[in-house]
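Remember, it's a predicted structure, so these values are computed and weren't measured experimentally. Chain letters run A, B, ... following the sequence lines, proteins first and then strands; every chain starts at 1.
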Amino acid sequence: MFIQIKDFATHDGQKVSIRGWVYGRRSGGGVVFLQVRDGSGLCQCVVETATVDAFQKASELPRESSLTVSGVVRRDDRAPGGFELAVSAVEPIHLAEEYPITRKAHGIDFLMSHRHLWLRSRRPVAIMRIRHTVIKACRDFFDNRGFTLVDTPILVAGAGEDAQTLFPVEYFDGKAFLAQTGQLYLETACMALGKVYCFGPTFRAEKSKTRRHLTEFWMIEPEVAFAELDDVVMLAEDMICHVVDAVLCRHEDDLKFLGRDVEALRKVKKPFVRMTYAEVAENLRSEKTRKWLEDEILRDKIRLQGWIDELDELVKQVDAAKKATQKDKLQVQIHELKENIEDLEADLRNRPAHIASAQSFQFGSDLGGSDETIISRQFDKPVFVTDYPKQAKAFYMKESAVDSRLVRNMDLLAPEGYGEIIGGSQREENQDALVARMKEKGLNPEDYGWYLDVRKYGSVPHGGFGLGIERALSWICGLRHVRETIPFPRTMGRMYP
RNA sequence: UCCGGCGUAGCUCAAUGGUAGAGCGCUUGGCUGUUAACCAGGAUGUUACAGGUUCGAGCCCUGUCGCCGGAGCCA
């Protein structure tokens, strides 16, 4: 009977078979320890000389060879996971060629070039599992609240938003673009079904090379009829809480394996922080924030010096280390530490400019990445920022009734400096106002006939938002770059594999 | 597009302008409980590419390419 490794605990003492791949091998004279992974988990298979055939085969299996293993599950404290397989038979399915990815240190370039193989390693597996849960939790959340999934087109006509950020594709004799949002279509669909959402890939041709950008990413976008900005904010808040709860509930081990500070995630509870753009502007310019940021620089400089001292110490230890593995482990530590040091040094170099930019923040401009970071680092919960200046935002956002310079929009900034993970708004439901806004932005209303029709036939207040799955995951998993949150990332400089 | 960093063995990295090295991985042998095992031996290089300076260049200079990070823009 084939079982999955994750189910070992319920088969203690039973004879079972597993199918999987060789993750690692160690031998101790008359015993071979095969580490086998099957996608559900990792187990230690113990092969002794007495089982002559199995011992012979197990001794010769290169890493990542596929195989079936049969034996008896038994509890053993020496086994990782608490259970191991006492092997009676090993049947290789395919003997692997020399596997390029070792269990040692690799650089990001090498790993990204071998992403198709890297996916087999524990770290990507943990992240992919969490990604699955995040997506499922989002969909469950909407399904349980009476939303209907509506798939929006990926190929769209040219005249949309700023064409410079879209990927053009040939479309028979004409030109089309890859969609960068389903929102406009969702607005029409929510007038049919009340509450709708879409989930799919989306494309941005922006030439951004940062840890927060991909050219192809996935977004979940709800759109609700009879909703105003507060309704949209509460919806987003409930959704994020639901998603974080689901991940904490199912993936505490994965999170810990990734080195995520789980306690920080537990603080993500209602209500989140709410600030208006004006409050953010005041915060950024305030003496208090400047002081806080300068103190932070001092703290980080001390932290940096600590790391540099630690690095010196490690270098000395490498020279003194006798055992080869010890040396290797130290080198890996040195590598990680160097990366952290370089990161922090770069950050510290940029910090004065960020402070200056925050201090001189002018009403009317959009929040920059550094401004978002400054705000989100001040809180341990996500922060909603609402009511941005009209000029910095898209044409379809509802003008504020209190201040005509503002729109009723919201961004959600993830804590710990991760920045924007959600952008949304109440939409302009008045046709005349919408047409006027289009003209202000230099758009031709005639290109948006179908969109304007939503405002002609029973127009109602409505709104929604878009959650960037990869950015949310990057925050939830505590990663330094979004490229690890998607199986095959597409960035400006990489299309392979 | 702009600014900065990097490019040395399959991988991660060393190497005052003066004989290209270490660890891992691979491979051969040893060991009956290993935890990124350990011990002993072995093979492994167009120092990204093209020029230049120099008695001599992995190192200095110029250009090209590739990657990484940041800015702008955004999820």
Side-chain angles (χ1 to χ4, degrees), chain A residues 23-35 44 46-50 55 62-63 76-81 84 97-114 122 161-162 164-165 180-181 202-215 217-221 315 318-319 321 323-332 334-336 338-339 342-343 345-347 349-350 353-354 357 366-370 372 392 394 411-414 418-424 465-475 480-483 491-494:
Chain A
Y23 193 65
R25 189 182 67 218
R26 289 182 288 270
S27 62
V31 59
V32 172
F33 298 94
L34 274 187
Q35 280 180 292
Q44 170 166 293
V46 187
V47 194
E48 297 187 345
T49 36
F55 186 83
R63 296 179 59 241
D76 193 312
D77 290 339
R78 292 170 294 187
E84 63 184 16
E97 293 177 27
E98 187 180 333
Y99 192 64
I101 299 181
T102 69
R103 298 180 66 184
K104 313 286 175 170
H106 293 290
I108 191 63
D109 187 35
F110 178 81
L111 288 172
M112 275 302 163
S113 296
H114 295 80
R122 285 186 68 183
E161 298 186 40
D162 188 357
Q164 284 187 335
T165 67
Q180 60 169 357
T181 170
T202 179
F203 308 88
R204 304 281 164 95
E206 292 148 9
K207 293 186 174 174
S208 304
K209 298 201 291 184
T210 79
R211 62 188 66 191
R212 296 199 305 278
H213 288 88
L214 297 168
T215 51
F217 65 97
W218 290 66
M219 192 154 67
I220 195 153
E221 296 175 274
V315 170
V318 168
D319 294 339
K323 284 186 179 176
T325 343
Q326 228 168 23
K327 233 172 214 185
D328 191 44
K329 274 185 187 173
L330 287 167
Q331 281 188 354
V332 171
I334 286 171
H335 189 244
E336 278 173 10
K338 270 187 182 171
E339 212 167 61
E342 277 171 26
D343 242 37
E345 277 174 347
D347 201 21
R349 271 198 301 277
N350 288 332
H354 291 169
S357 142
D366 204 353
L367 296 180
S370 67
E372 287 178 0
D411 281 354
L412 181 64
L413 310 182
Y418 275 90
E420 186 178 358
I421 57 171
I422 284 179
F465 63 83
L467 168 78
I469 293 291
E470 287 77 17
R471 282 194 183 174
L473 264 164
S474 183
W475 160 57
R480 84 170 62 213
H481 200 300
V482 291
R483 68 186 154 213
T491 58
M492 227 182 108
R494 188 178 290 279

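- Of the C1' atoms belonging to U12(B) and C2(B), the separation is 32 Å, rounded to the nearest Å.
- With RNA chain B read from its 5' end, the first of the two nearest nucleotides for Thr102(A) and Glu48(A) is the one closest to Thr102(A).
- At whole-Å resolution of the value, CE in Met492(A) and P in G66(B) are 11 Å apart.
- When the C1' atom is compared between A48(B) and C68(B), the two are found 15 Å apart, to the nearest whole Å.
- Taking atom CZ of Arg26(A) as the reference point, atom P of C26(B) lies 13 Å away to the nearest angstrom.
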Nucleotides 67-75 of chain B: protein proximity per nucleotide (B base, S sugar-phosphate only, - neither; heavy atom, under 4.0 Å):
SBSBBBBBB
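- A gap of 47 Å separates the C1' atoms of C31(B) and G5(B), to the nearest Å.
- A straight line from CD of Glu98(A) to P of A9(B) spans 15 Å, rounded to a whole angstrom.
- When base pairs are accepted only as Watson-Crick or G-U wobble with both N-N or N-O distances under 3.5 Å, RNA chain B takes part in stems of 3 or more pairs at B:1-7 with B:65-71, B:10-13 with B:21-24, B:26-30 with B:38-42, B:48-52 with B:60-64.
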Begin with the C-alpha distance, continue with both residues' side-chain angles, and end with the deciding distance and a verdict on side chain to side chain contact (heavy atoms under 4.5 Å, CB included) for Arg494(A) and Asp109(A).
CA-CA 10 Å; Arg494(A) 188 178 290 279; Asp109(A) 187 35; 2.7 Å; yes
Let's go through Ile108(A) and Arg483(A) carefully: what are the C-alpha distance in whole Å and the side-chain angles of both, what is the deciding distance for side chain to side chain contact (heavy atoms under 4.5 Å, CB included) to 0.1 Å, and is it a yes or a no?
CA-CA 10 Å; Ile108(A) 191 63; Arg483(A) 68 186 154 213; 3.5 Å; yes
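- Ile101(A) has its CD1 atom 11 Å from the P atom of U12(B), to the nearest Å.
- Atom OH in Tyr99(A) sits about 14 Å away from atom C1' in G25(B), given to the nearest Å.
- Between Asp411(A) and Gly424(A), the shortest heavy-atom distance links the atoms OD1-N, 4.3 Å.
- Under the side chain to side chain donor-acceptor pair (under 3.5 Å) criterion, Thr210(A) pairs with His213(A), sequence neighbours left out.
- Spacing between U8(B) and G30(B) at atom C1', rounded to whole Å, works out to 34 Å.
- No side-chain heavy atom of Glu48(A) sits under 4.5 Å from any side-chain heavy atom of Phe55(A).
- Note that CG of Leu412(A) and CD of Glu372(A) are 10.5 Å apart. Values are rounded to the nearest 0.5 Å.
- Comparing the P positions of U54(B) and C61(B) gives a spacing of 16 Å, expressed to the nearest Å.
- Within the 4.0 angstrom heavy-atom criterion, base atoms lie near Ser27(A).
- Taking atom P in both G41(B) and G33(B), one finds a spacing of 24 Å when rounded to whole Å.
- Taking the side chain as every heavy atom from C-beta outward, Thr491(A) and Lys209(A) never approach each other to under 4.5 Å.
- Using atom P as the reference point in both G63(B) and C26(B), the two lie 43 Å apart (nearest Å).
- Partners of Gln44(A) by side chain to side chain donor-acceptor pair (under 3.5 Å), not counting sequence neighbours, listed by chain and number: Glu84(A).
- Atom CZ in Phe110(A) sits roughly 18 Å away from atom C1' in C6(B) (whole-Å rounding).
- Within 4.0 Å (heavy atoms only), Glu221(A) reaches no atom of the nucleic acid at all.
- Counting only distance, with no hydrogens or angles, the side chain of Arg63(A) and the backbone of Ile101(A) share a donor-acceptor pair below 3.5 Å.
- Protein atom CZ of Arg25(A) is 18 Å distant from nucleotide atom P of G33(B), rounded to whole Å.
- Residues Leu367(A) and Glu420(A) fail the side-chain proximity criterion, which asks for heavy atoms closer than 4.5 Å.
- Spacing between atom NE2 of His106(A) and atom C1' of A9(B) amounts to 15 Å, rounded to whole angstrom units.
- Using a 4.0 Å heavy-atom cutoff across all strands shown, Pro80(A) reaches at least one base atom of the nucleic acid.
- With sequence neighbours excluded, the residues forming a ring-ring contact (aromatic ring centres under 6.0 Å, His included) with Phe110(A) are His106(A), His114(A), listed by chain and number.
- The same atom, C1', is picked in C13(B) and in C39(B); the two are 25 Å apart, to the nearest Å.
- Using a 4.5 Å heavy-atom threshold, the side chains of Trp218(A) and Thr202(A) count as separate.
- Two residues are said to be in side-chain contact when any heavy atoms from C-beta on lie closer than 4.5 Å; Arg212(A) and Arg471(A) meet this criterion.
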Under 3.5 Å between N/O atoms: give me all the protein pairs with nucleotides 46-49 of chain B, atom names plus distance.
none

